[in-house]
Amino acid sequence: MFEVKVISTGRYVPENIVTNDDLAKFVDTNDEWISDRTGIRERRISKEENTSVLAAKAGEKALEESNLTPEDIDLIIVATATPDNFTPSTACMVQEKLGAMNATCFDVNAACTGFIYATGIASQFIKTGQSKNALVIGAEVLSKIIDWEDRNTCVLFGDGAGAVVLQRSEEVGLISQYTGSDGTGGKFLACGTVPLKNPYIDGKDDFNGKLSMDGREVFRFATKVMIQCINKVLQDTEYTLNDIKYIVPHQANLRIIDFVGKKLKIDEERFYINLDKYGNTSGASIPIALDEMNKEGLLQKGDKIILVGFGGGLTFGAHLIQWQ
Ligand code: COA
């Protein structure tokens with residue numbers, strides 16, 4: 001078995017900034033409520049760029065930093081719950097845009113945990129020798145599935161994309177990983193798609209392509225699984241929470257992160273937080289955060305960090321990473 005390391009990162013967010021005050025112009029809300037309950041101050045909302053465009057731009061930046069050529073990439077996985085199409089996959093569209101013609105390409109949908117799942121899958125490809133250089137992207141245009149009349153949800157989400165290049169390595173980069181799912185809670189965070197309808201059944205047209213959420217249930221679930229995931233990736237390793245420089249959580253809500261910090265007795269400074277700028281970008285939030293940390297020079301060789309995600313499905317997971 002081979003080892004796996006992160007060799008580069010990239011991100012791309014749409015230019016269009018939408019503040020809480022901007023939202024208050026067409027939905028019954030205000031900056032104070034949103035900032036106080038969530039920590040979110042603004043988000044990016046795509047005007048014309050669909051998910052594959054965001055994904056390709058983030059991927060291109062990660063590729064540039066890696067010093068690899070597009071032909072060196074042998075695997076592209078895009079984590080997204082908001083693909084451009086049923087088919088072709090967003091990953092295949094990224095392949096075309098980047099000219100990465102030696103890659104095997106597919107999408108993964110684990111909602112906000114998508115990047116954790118996709119990184120896990122890519123690492124298995126690399127560990128077993130099937131791949132050498134994998135481009136893993138989390139990309140979402142959530143604005144197209146948001147119900148813009150529902151103040152319970154429309155204030156929470158934003159659009160964006162983040163990417164990493166994972167490479168076969170002699171040094172340990174990915175120390176441990178943990179993932180899980182709970183399909184019984186799927187209804188708490190859901191977005192329907194085309195209904196079952198064909199000439200052989202009398203199907204009712206119950207199309208609902210908009211996101212719905214039970215905020216309290218999701219809050220309860222998120223706080224529980226974040227703690228579970230962090231403990232699980234440390235279990236059976238030589239490390240404890242004290243060895244972890246940063247926790248990079250899925251950027252859903254500051255209150256969720258604060259709650260987990262208090263339970264685990266971790267100072268807020270050890271969580272990397274940027275949700276004030278982007279809101280919840282689902283599968284893109286963790287790689288966007290990771291790229292910001294990388295570009296800000298916060299990560300040194302040998303640093304241990306934990307990436308932890310949770311979201312629709314319900315799904316959850318984490319990686320314990322040694323930065324190389
Ligand atoms: N602006 C103003 N008021 C709002 C509002 C908004 N954007 N959204 C909801 N409210 C109102 C509600 O209608 C309710 O009013 P009422 O008491 O008159 O009925 C009141 O605020 C309280 O609503 P409630 O849903 O109980 O608030 P809350 O304290 O549970 O906070 C969330 C709501 C969504 C912030 C919180 O439940 C949460 O963070 N959940 C997790 C969501 C999440 O992270 N989802 C993505 C996971 S990947």
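If you read the sequence from its start, that first residue is 1, and numbering goes on from there. As the structure lists them, so they are numbered: ligands from 1, and atoms in each ligand from 1. Values in this document were obtained by computation on a predicted structure and should not be read as measured data.
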Shortest non-hydrogen contact between N280 and L142, atoms and distance: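 Between these two residues, the closest heavy atoms are O-CD1, 3.4 Å.
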
Return the minimal non-hydrogen interatomic distance between L68 and V165, and the atom names on each side. CD1-CG1, 3.9 Å

Among protein heavy atoms, which sits nearest to [atom], and what does the distance come to when rounded to 0.1 Å?
atom: atom 12 (C) of ligand 1; answer: R151 NH2, 3.9 Å
atom: atom 36 (C) of ligand 1; answer: G215 O, 4.2 Å
atom: atom 1 (N) of ligand 1; answer: T29 OG1, 2.7 Å
atom: atom 45 (N) of ligand 1; answer: M213 SD, 3.2 Å
atom: atom 20 (C) of ligand 1; answer: W33 NE1, 4.4 Å
atom: atom 48 (S) of ligand 1; answer: C112 SG, 3.3 Å
atom: atom 46 (C) of ligand 1; answer: N280 ND2, 3.5 Å
atom: atom 29 (O) of ligand 1; answer: R37 NH1, 2.7 Å

Can you list the atoms of ligand 1 that are under 4.0 Å from a heavy atom of [X]?
X: V218; result: 43 (C), 45 (N), 47 (C)
X: N253; result: 35 (C), 38 (C), 39 (O)
X: V155; result: 7 (N)
X: H250; result: 48 (S)
X: N152; result: 8 (N), 9 (C)

Looking only at the side chains, is there a donor atom on one of E42 and T19 sitting less than 3.5 Å from an acceptor on the other?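 No, no side-chain donor-acceptor contact under 3.5 Å.
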
Are a donor atom and an acceptor atom from the side chains of Q228 and Y178 found within less than 3.5 Å of each other? yes

Charged N to carboxylate O under 4.0 angstrom, [X] versus [Y]?
X: E49; Y: R44; value: no
X: R41; Y: D21; value: no
X: D74; Y: K132; value: no
X: D243; Y: K304; value: no
X: K61; Y: E64; value: no
X: E149; Y: K210; value: no

State whether any protein heavy atom lies less than 4.0 Å from [atom].
atom: atom 18 (O) of ligand 1; answer: no
atom: atom 14 (C) of ligand 1; answer: no
atom: atom 27 (O) of ligand 1; answer: yes
atom: atom 32 (C) of ligand 1; answer: no

Nearest non-hydrogen atom to atom 44 (O) of ligand 1 belongs to which of A252, A222, G39?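 When every heavy atom of A252, A222, G39 is considered, A252 comes closest to atom 44 (O) of ligand 1.
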
Would M293 end up clustered with V233 when hydrophobic side chains under 4.5 Å apart are linked, directly or stepwise?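 No, it is not one cluster - the side chains of M293 and V233 are not joined through contacts under 4.5 Å.
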
Under 3.5 Å between some N or O of ligand 1 and some N or O of T38?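 T38 vs ligand 1: no N/O contact under 3.5 Å.
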
For side chain to side chain contact (heavy atoms under 4.5 Å, CB included), just list the numbers for L98 and L135, CA-CA rounded to whole Å, side-chain angles, deciding distance to a tenth of an Å, and then say yes or no. CA-CA 11 Å; L98 299 184; L135 178 60; 3.6 Å; yes

Would you mind telling me if ligand 1 is within reach of the side chain of I256, the backbone, both or neither, using heavy atoms under 4.0 Å? side chain

